[in-house]
**Student:** 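Let me give you the structure first, and then I'll get to my questions.
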Number of protein chains: 2
Amino acid sequence: MAASFLSKHKHIILYGVCLALLLFLLKWLELRLIIINHAFEMYIGAIAVIFTALGIWLALKLTKPKVRTVIVEKEVYVQHGGEFTLNEQELQQLGLSSRELEVLQLMAAGLSNQEIAGRLFVSLNTIKTHSSRLFEKMDVKRRTQAVEKAKRLRIIP
Amino acid sequence: MAASFLSKHKHIILYGVCLALLLFLLKWLELRLIIINHAFEMYIGAIAVIFTALGIWLALKLTKPKVRTVIVEKEVYVQHGGEFTLNEQELQQLGLSSRELEVLQLMAAGLSNQEIAGRLFVSLNTIKTHSSRLFEKMDVKRRTQAVEKAKRLRIIP
DNA sequence: GTAAAAATCATCCTAAAGTATGAAGCCTTT
DNA sequence: AAAGGCTTCATACTTTAGGATGATTTTTAC
């Protein structure tokens with residue numbers, strides 16, 4: 001199929017190829033003419049392009065990369081709490097018993113008398129007695145005052 | 001207007017002027033070449049040097065600096081005895097009114113409702129209303145819990 | 001100017017806190 | 001063994017705190 005097509009139109013193909021070659025030759029000659037006529041300018045241009053590229057390459061490769069460091073300070077608040085240092089002296093001075101101190105600590109945690117009683121496995125009345133003696137020793141009238149004073153005196157954290 | 005245009009396109013204008021000067025220089029060198037025929041190598045060398053420099057300049061001026069963002073976390077330790085730093089975020093989240101916050105602060109100081117009322121020149125009932133709304137917002141049942149939670153959340157010192 | 005939020009005050013009621021007093025059991029010290 | 005402190009518990013009572021609801025005024029936001 002392909003072979004028969006080639007043999008049939010051999011002359012036409014040959015003519016076409018010759019024409020193409022001729023046009024190509026003409027174009028090439030034209031180009032050569034331009035090149036020959038402007039050989040010097042083109043040479044200079046080539047030099048310029050090559051050395052500009054060289055300059056860019058040198059600059060990019062042989063210099064330290066430009067890095068702009070942006071430092072964003074982010075403050076992180078650390079609730080260190082500051083190690084609690086028990087004020088032993090004040091504690092001694094108040095003369096609180098161990099049970100009273102326990103009650104005071106649970107009061108500071110926000111527990112009610114009933115809850116404290118449950119926590120310590122004693123009756124509500126017992127806690128009331130403890131708290132009364134506690135208030136008396138601490139010279140306060142209410143649990144809120146006791147807690148405030150205890151924190152101020154560093155008896156509890 | 002004109003000044004801003006100038007400053008805005010400073011690089012372009014500068015480049016244009018440089019190019020013009022360069023062309024002038026080239027023309028002058030060409031003339032010299034005609035006169036001094038032996039300086040061809042020097043001419044080429046000058047071209048190479050100039051365009052290398054141009055390439056370097058271009059690369060340095062027209063490349064964008066890489067931006068590296070470094071986040072430095074700066075820890076801020078908050079000591080127990082140190083300055084109190086209000087936890088604005090938590091305070092906002094609770095949605096306490098200014099009056100409620102006042103009441104809370106006086107509660108933390110160990111004052112009774114009656115005393116708070118006297119301090120703020122309002123009736124006891126008003127303080128009760130405030131405290132009720134306060135407890136509701138803070139999701140607590142008692143003033144001692146409110147004070148404990150407020151101190152824990154750093155809403156009050 | 002209207003709607004929403006805040007602040008104020010009141011009444012009634014219940015729950016919790018606090019006072020006063022007494023008492024029993026368990027330690028330690030004298 | 002007696003004295004004193006600690007813990008426990010109880011009863012009776014007063015005070016304070018807290019809940020529920022309704023209302024008025026003021027401030028704030030749209």
Side-chain angles (χ1 to χ4, degrees), chain A residues 86-153 155-156, chain B residues 86-153 155-156:
Chain A
L86 183 70
N87 191 338
E88 201 79 48
Q89 197 182 345
E90 283 288 353
L91 187 57
Q92 287 279 324
Q93 204 157 1
L94 286 174
L96 299 184
S97 71
S98 63
R99 209 58 164 168
E100 285 159 359
L101 186 58
E102 274 185 287
V103 172
L104 176 59
Q105 286 167 343
L106 293 176
M107 272 182 182
L111 273 66
S112 68
N113 285 343
Q114 189 67 69
E115 288 167 338
I116 296 171
R119 189 74 71 89
L120 299 180
F121 304 107
V122 294
S123 78
L124 172 61
N125 291 308
T126 305
I127 299 303
K128 283 189 175 185
T129 306
H130 284 319
S131 60
S132 281
R133 301 179 73 80
L134 175 64
F135 298 154
E136 201 178 329
K137 286 181 180 176
M138 291 189 73
D139 191 29
V140 296
K141 305 232 72 170
R142 284 173 294 279
R143 66 212 284 105
T144 47
Q145 280 186 349
V147 170
E148 188 274 331
K149 189 167 185 176
K151 280 181 180 284
R152 187 154 40 80
L153 296 180
I155 290 167
I156 53 173
Chain B
L86 182 70
N87 192 337
E88 201 79 45
Q89 197 181 345
E90 284 288 353
L91 187 56
Q92 288 278 325
Q93 203 155 2
L94 286 175
L96 299 185
S97 71
S98 61
R99 208 59 164 166
E100 286 160 359
L101 186 59
E102 273 185 287
V103 171
L104 176 59
Q105 287 166 343
L106 293 176
M107 271 182 183
L111 274 65
S112 68
N113 285 342
Q114 189 67 69
E115 288 168 338
I116 296 170
R119 190 74 72 89
L120 299 180
F121 304 108
V122 294
S123 78
L124 173 61
N125 290 307
T126 304
I127 300 303
K128 283 189 174 185
T129 306
H130 283 320
S131 61
S132 281
R133 299 178 72 81
L134 176 64
F135 298 153
E136 200 178 328
K137 285 181 179 176
M138 291 189 74
D139 193 30
V140 295
K141 305 232 73 172
R142 284 174 293 280
R143 65 213 282 100
T144 47
Q145 280 186 350
V147 169
E148 189 274 331
K149 188 166 185 177
K151 280 180 180 284
R152 186 154 40 80
L153 297 180
I155 290 168
I156 55 174

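Within every chain, numbering begins at 1; the chains are lettered A, B, ... in the order of the sequence lines, protein sequences first and strands thereafter. Computed from a predicted model, the values in this text were never measured in an experiment.
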**Student:** Would you say a side-chain N or O of B:Ser132 is under 4.0 Å from OP1 or OP2 of D:dG19?
**Tutor:** yes

**Student:** Can you check the A:Phe135 CZ to D:dT15 P distance for me, whole Å?
**Tutor:** 17 Å

**Student:** I want to check something: taking the side chain as every heavy atom from C-beta on, are B:Leu106 and B:Leu120 in contact at a cut-off of under 4.5 Å?
**Tutor:** yes

**Student:** So how far is it from A:Ile156 CD1 to A:Leu104 CG, rounded to the nearest 0.5 Å?
**Tutor:** 4.5 Å

**Student:** In whole angstrom, give the distance that lies between atom CD of A:Glu115 and atom C1' of C:dA17.
**Tutor:** 13 Å

**Student:** Which residues pass the side-chain contact (heavy atoms from CB on, under 4.5 Å) test with B:Ser123, sequence neighbours left out?
**Tutor:** B:Asn125, B:Thr126

**Student:** Begin with the C-alpha distance, continue with both residues' side-chain angles, and end with the deciding distance and a verdict on side-chain contact (heavy atoms from CB on, under 4.5 Å) for A:Arg99 and A:Val122.
**Tutor:** CA-CA 11 Å; A:Arg99 209 58 164 168; A:Val122 294; 3.8 Å; yes

**Student:** Between the protein and nucleotides 28-30 of chain D, which nitrogen or oxygen pairs come in under 3.5 angstrom?
**Tutor:**
none

**Student:** For a 4.5 angstrom cut-off between non-hydrogen side-chain atoms, does B:Ile155 reach B:Leu94?
**Tutor:** yes

**Student:** Pull out every residue in residues 106-114 of chain B that has a heavy atom closer than 4.0 Å to any atom of DNA chain C, ordered by number, or say none.
**Tutor:** none

**Student:** Axis-to-axis angle across the helix from C:dG1-D:dC30 to C:dT30-D:dA1, five pairs an end, to 10 degrees?
**Tutor:** 60°

**Student:** Please set out all donor-acceptor pairs under 3.5 angstrom arising from side-chain atoms of residues 133-140 of chain B, sequence neighbours excluded.
**Tutor:**
unit_1: B:Lys137; atom_1: NZ; unit_2: B:Gly95; atom_2: O; d: 3.0
unit_1: B:Lys137; atom_1: NZ; unit_2: B:Glu100; atom_2: OE1; d: 2.8
unit_1: B:Lys137; atom_1: NZ; unit_2: B:Glu100; atom_2: OE2; d: 3.4

**Student:** Please list, for nucleotides 6-11 of chain C, all pairs of protein and nucleotide N/O atoms separated by less than 3.5 Å.
**Tutor:**
unit_1: C:dA7; atom_1: OP1; unit_2: B:Ser98; atom_2: OG; d: 2.9
unit_1: C:dA7; atom_1: OP1; unit_2: B:Arg99; atom_2: N; d: 3.3
unit_1: C:dA7; atom_1: OP2; unit_2: B:Ser97; atom_2: OG; d: 2.3
unit_1: C:dT8; atom_1: OP1; unit_2: B:Arg99; atom_2: NE; d: 3.2
unit_1: C:dT8; atom_1: OP1; unit_2: B:Arg99; atom_2: NH2; d: 3.0
unit_1: C:dT8; atom_1: OP2; unit_2: B:Arg99; atom_2: NE; d: 3.0
unit_1: C:dT8; atom_1: OP2; unit_2: B:His130; atom_2: NE2; d: 2.9
unit_1: C:dC9; atom_1: OP2; unit_2: B:Ser123; atom_2: N; d: 2.8
unit_1: C:dC9; atom_1: OP2; unit_2: B:Thr126; atom_2: OG1; d: 2.9
unit_1: C:dC9; atom_1: N4; unit_2: B:Thr129; atom_2: OG1; d: 3.1

**Student:** Report all side-chain donor-acceptor pairs from residues 110-119 of chain B shorter than 3.5 Å, counting only partners two or more places apart or in another chain.
**Tutor:**
unit_1: B:Ser112; atom_1: OG; unit_2: B:Glu115; atom_2: N; d: 3.3
unit_1: B:Asn113; atom_1: OD1; unit_2: B:Arg143; atom_2: NH1; d: 3.0
unit_1: B:Asn113; atom_1: OD1; unit_2: B:Arg143; atom_2: NH2; d: 3.2
unit_1: B:Glu115; atom_1: OE1; unit_2: A:Arg142; atom_2: NH2; d: 2.7
unit_1: B:Glu115; atom_1: OE1; unit_2: B:Ser112; atom_2: N; d: 2.9
unit_1: B:Glu115; atom_1: OE2; unit_2: A:Arg142; atom_2: NH2; d: 3.3

**Student:** Write down the distance between NZ (A:Lys141) and C1' (D:dT14), rounded to a whole number of angstrom.
**Tutor:** 12 Å

**Student:** Which parts of nucleotides 24-30 of chain C does protein reach within less than 4.0 Å, heavy atoms only, written one letter per nucleotide 5' to 3' as B for base, S for sugar-phosphate only and - for none?
**Tutor:** -------

**Student:** Below the 4.0 Å mark, does D:dA17 have OP1 or OP2 next to a side-chain nitrogen or oxygen of B:Arg142?
**Tutor:** no

**Student:** Testing B:Arg152, B:Lys151, B:Gln145 for side chain to side chain donor-acceptor pair (under 3.5 Å) with B:Glu148, which one passes?
**Tutor:** B:Arg152

**Student:** For A:Glu90, enumerate each residue passing the salt bridge (Lys or Arg N to Asp or Glu O under 4.0 Å) test, keeping only those at least two apart in sequence or located in another chain.
**Tutor:** none

**Student:** How close or far is atom P of D:dC6 from atom CG of A:Leu134, stated in whole angstroms?
**Tutor:** 13 Å

**Student:** Test: salt bridge (Lys or Arg N to Asp or Glu O under 4.0 Å). Region: residues 120-131 of chain A. Which pairs qualify, not counting sequence neighbours?
**Tutor:** none

**Student:** Expressed in angstrom and rounded to an integer, what is the separation of B:Ile127 atom CD1 from D:dG18 atom P?
**Tutor:** 12 Å

